Number of protein chains: 2
Amino acid sequence: MRQGRGRKRNNDALRMEDVAAQAGVSPMTVSRALRDPAAVSQAMRDRVQAAMQHTGYVPNRLAGSLSSQRSRVVGLIVPGISNSLYAQMAQAIADVLSQHGLHLLIASSGHDSAAEEAAIAAFLGQRVCALILHSTRHTARATALVKAAGIPTVEIGQLTRTPLDLCVSYSGFKAAKAMVMHLGSLGYRRIGFVTLPVHDNERSVERRRGYRAALKELGLPEDPAIIAESEPGFAGGVSAVVQLIERAPDIDAIFFAADVMAVGALFECQRRGWAVPDRLAIASFDDVDLLSHVAPTITTLRIPREEIGRQSAAMLVARLNGTHEGPPVVDLKFDIAQRESTTRAQKNTSGRRS
Amino acid sequence: MRQGRGRKRNNDALRMEDVAAQAGVSPMTVSRALRDPAAVSQAMRDRVQAAMQHTGYVPNRLAGSLSSQRSRVVGLIVPGISNSLYAQMAQAIADVLSQHGLHLLIASSGHDSAAEEAAIAAFLGQRVCALILHSTRHTARATALVKAAGIPTVEIGQLTRTPLDLCVSYSGFKAAKAMVMHLGSLGYRRIGFVTLPVHDNERSVERRRGYRAALKELGLPEDPAIIAESEPGFAGGVSAVVQLIERAPDIDAIFFAADVMAVGALFECQRRGWAVPDRLAIASFDDVDLLSHVAPTITTLRIPREEIGRQSAAMLVARLNGTHEGPPVVDLKFDIAQRESTTRAQKNTSGRRS
DNA sequence: GCTTTTTGTGGTAGCGCTACCAAATTTGGC
DNA sequence: GCCAAATTTGGTAGCGCTACCACAAAAAGC
């Protein structure tokens with residue numbers, strides 16, 4: 001006799017069976033009352049409800065997901081959680097998801113494809129029902145894993161012509177080009193350009209392409225002396241503005257195509273007595289709150305970050321419900337906020353410094 | 001014969017059994033090779049490894065967690081993901097957790113206990129192995145749920161004498177008091193105080209208590225005219241500084257005990273020609289990068305946000321490993337960054353405005 | 001060489017839930 | 001009032017993994 005083998009029953013946690021006993025119904029009825037109340041009569045629903053209340057039952061979604069082969073958890077992989085851009089997208093995503101009873105698993109990859117691959121594998125192990133990836137560059141295995149998993153997946157970092165599945169973003173190329181065209185139309189002729197190091201940031205490459213395309217269209221020469229790469233943060237703007245002005249004293253505008261560099265640059269200009277915008281115009285990429293609170297206020301692109309988060313989440317929800325229709329790639333619109341830092345002729349006296 | 005009842009076998013996804021067959025071992029050996037490689041001989045380990053590589057197997061952690069009754073997912077509930085304070089804590093937490101093979105489920109509660117309760121229930125449903133809660137106020141059911149779950153739980157929003165389980169934070173009371181004492185020692189005598197509305201922010205209450213305690217110790221009267229509540233963000237600082245200066249023209253310093261209010265106030269002072277620090281000194285709570293980049297630089301408390309994240313995650317990991325020792329409440333240290341915005345006598349001319 | 005210990009591998013049952021079908025109950029048609 | 005259809009409830013098997021024990025094989029002891 002093989003008694004004593006295998007595992008003993010666990011009596012710790014409350015199970016559906018316990019609630020069922022309490023309500024005097026079968027476990028199946030409890031299960032249905034939870035996920036498809038309409039399929040259960042009013043009387044049963046009430047009894048189950050009461051029993052759950054009474055016992056303080058918390059359904060085990062691990063078991064539920066294993067059994068039903070689908071979970072209510074979405075995985076999000078961003079380069080970093082603390083960066084406010086990603087954080088805002090994450091917030092928008094979380095808000096939409098939670099409205100639909102979905103949960104958010106977050107990992108940060110730090111711009112590293114290998115880390116992204118590991119996170120994807122881990123998330124698939126958790127059997128997430130969908131993925132949101134910020135990056136658009138993936139390792140071969142990462143791509144294979146996602147395809148094999150067959151779950152809805154949105155890429156949100158930038159537009160791709162070859163999405164894994166879905167893509168919701170804006171065109172960094174078009175945005176950068178539009179801003180440079182805008183500066184050109186204001187009369188600036190020596191327009192500098194600063195990004196993060198292009199070698200580990202795909203988006204910087206797109207933006208620089210946009211810059212070049214605009215110069216060409218404006219009939220302006222491309223001069224390596226007024227193109228720079230710099231570190232993220234205020235400090236990056238500080239060092240870049242100093243570098244460009246020294247290399248090309250005739251520069252009349254700089255477009256900082258990343259992060260809060262433009263603000264760092266503005267502060268440095270003020271410290272050094274370079275009037276903005278009279279001596280040097282400054283434009284930024286992406287609209288952080290700060291840009292409209294400094295003096296002078298800084299001209300920038302308004303990138304629909306939260307819209308990206310909302311739409312990508314909404315798209316996933318639609319796909320999960322089988323109600324999604326429309327193209328797999330959504331190109332969201334940006335616009336330009338023209339402010340004091342690129343205003344010619346009538347200068348802003350409150351921006352003056354020693 | 002009851003054939004046709006129940007469910008048919010699923011052949012979609014790769015299971016451990018498939019890998020086992022491929023490797024020519026039993027599923028048990030595969031299972032062990034994955035989670036306790038030391039218990040398996042080198043030869044077996046290699047064969048299993050090769051089979052996993054070959055098949056592209058991704059273990060189903062849902063099944064694993066269900067069976068082992070423990071998951072590798074930690075739940076974090078913060079008031080909001082996009083707020084950089086919480087985002088930075090979350091980042092630090094995620095970093096430590098991922099080093100230990102744990103994943104992070106995030107929910108935002110928006111300062112609402114009911115939303116927090118819902119998130120806790122949802123997370124417990126997902127059978128998280130630990131919880132990190134920013135809030136220290138919980139509904140009765142939330143408290144009951146957490147206690148019943150019996151999982152390690154850290155509260156990180158502020159120090160409590162009565163933690164649910166563990167607490168890692170700093171004392172908002174001591175921090176605020178220290179800053180006001182600091183301002184007093186610099187010679188300021190009419191020190192204003194601004195927080196977020198205390199009614200929905202427990203931490204604001206602590207900070208105000210600290211302010212009062214310091215005034216008392218400094219022998220200064222408490223004057224409702226120089227205490228205000230304001231909205232978060234730059235705008236909150238703008239409106240508060242105007243309000244306080246109008247109500248009490250003799251005010252000589254303001255301590256903004258929340259968010260980036262101090263920066264908003266500084267900008268407004270510059271717009272209105274109120275010299276900082278000569279006309280009005282400004283101090284802030286918590287060290288955002290921005291504070292040391294504006295001119296004048298802003299005096300502030302340095303709160304160990306990332307340290308809170310790191311330590312709380314580390315504590316959970318230790319508890320999960322059963323190696324935790326030490327007190328359940330950890331009081332982390334803050335310090336004061338004295339900068340130009342509260343510098344007397346030798347004033348900073350670069351901070352001058354029209 | 002034969003038992004004892006150590007090490008490695010395998011079988012079974014069960015984690016708590018849900019899909020699928022069957023059975024019971026109610027409702028409707030005439 | 002009787003049978004068919006619609007509605008509601010219940011039983012069984014299985015989701016893919018791991019805990020627990022049993023057992024085989026190798027190593028060690030005498």
Side-chain angles (χ1 to χ4, degrees), chain A residues 1-21 23-48 52 55 57-72 124-127 129, chain B residues 1-21 23-48 52 55 57-72 124-127 129:
Chain A
M1 195 198 300
R2 303 307 183 95
Q3 102 218 32
R5 290 266 210 107
R7 182 191 288 202
K8 310 133 210 158
R9 279 283 295 103
N10 170 17
N11 291 308
D12 283 18
L14 225 42
R15 286 157 306 144
M16 211 168 242
E17 190 186 315
D18 303 318
V19 178
V25 299
S26 85
M28 271 316 301
T29 303
V30 176
S31 173
R32 253 186 307 248
L34 259 98
R35 73 209 137 70
D36 187 11
V40 168
S41 69
Q42 184 66 52
M44 286 292 172
R45 225 180 305 160
D46 293 347
R47 273 161 67 187
V48 169
M52 293 206 306
T55 54
Y57 171 66
V58 178
N60 186 335
R61 305 269 47 264
L62 247 43
S65 295
L66 175 62
S67 181
S68 65
Q69 305 269 54
R70 70 191 120 75
S71 75
R72 306 286 294 168
L124 293 180
Q126 299 289 340
R127 292 298 186 268
C129 61
Chain B
M1 195 198 296
R2 302 308 183 96
Q3 103 219 31
R5 289 265 212 110
R7 182 194 290 205
K8 311 134 210 159
R9 280 282 294 99
N10 170 16
N11 290 310
D12 283 19
L14 225 41
R15 284 154 309 142
M16 209 167 245
E17 189 185 315
D18 303 317
V19 178
V25 299
S26 84
M28 272 314 302
T29 304
V30 176
S31 173
R32 252 185 308 246
L34 258 95
R35 65 205 147 70
D36 187 11
V40 168
S41 69
Q42 183 66 51
M44 286 295 171
R45 226 180 305 159
D46 292 346
R47 275 161 64 187
V48 169
M52 291 206 305
T55 54
Y57 171 65
V58 177
N60 186 334
R61 305 269 44 263
L62 247 42
S65 295
L66 175 61
S67 180
S68 66
Q69 305 267 49
R70 70 193 121 74
S71 76
R72 307 285 295 166
L124 294 180
Q126 298 289 342
R127 292 299 187 266
C129 61

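Numbered from 1 within each chain, the chains take letters A, B, ... in sequence-line order. Quick caveat, the model's predicted, so the values are computed rather than measured. Just so it is clear, the values below take in all heavy atoms, side chains as well, and ignore hydrogens, waters and symmetry mates.
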What nitrogen or oxygen pairs link the protein and nucleotides 16-18 of chain D at under 3.5 Å?
residue	atom	partner	partner atom	Å
dG16(D)	OP1	N10(B)	ND2	3.0
dG16(D)	N2	A63(B)	O	3.3
dC17(D)	OP1	Y57(B)	OH	2.2
dC17(D)	OP1	N60(B)	N	3.2
dC17(D)	OP2	M16(B)	N	2.5
dC17(D)	O2	S67(B)	OG	3.2
dT18(D)	OP1	R35(B)	NE	3.4
dT18(D)	OP2	S31(B)	OG	2.4
dT18(D)	O4'	S67(B)	OG	2.7
dT18(D)	O2	R7(A)	NH2	3.0
dT18(D)	O2	S67(B)	OG	3.4

Salt bridge (charged side-chain N to carboxylate O under 4.0 Å, His left out) filter on D18(A), not counting sequence neighbours, yields R15(A)
So, with a heavy-atom separation below 4.0 Å from DNA chain C, the residues of residues 37-46 of chain B are V40(B), S41(B), M44(B)
Taking G64(A)'s backbone N and O only, do any of them form a donor-acceptor pair with S68(A)'s side chain (distance below 3.5 Å, no angle check)? yes
Sequence neighbours excluded, which residues qualify as side-chain hydrogen bond (donor to acceptor under 3.5 Å, both in side chains) partners of [X]?
X	answer
S71(B)	none
S65(A)	none
R35(B)	S31(B)

By side chain to side chain contact (heavy atoms under 4.5 Å, CB included), P59(A) pairs with (sequence neighbours left out) L34(A), Y57(A)
By side chain to side chain contact (heavy atoms under 4.5 Å, CB included), A21(B) pairs with (sequence neighbours left out) none
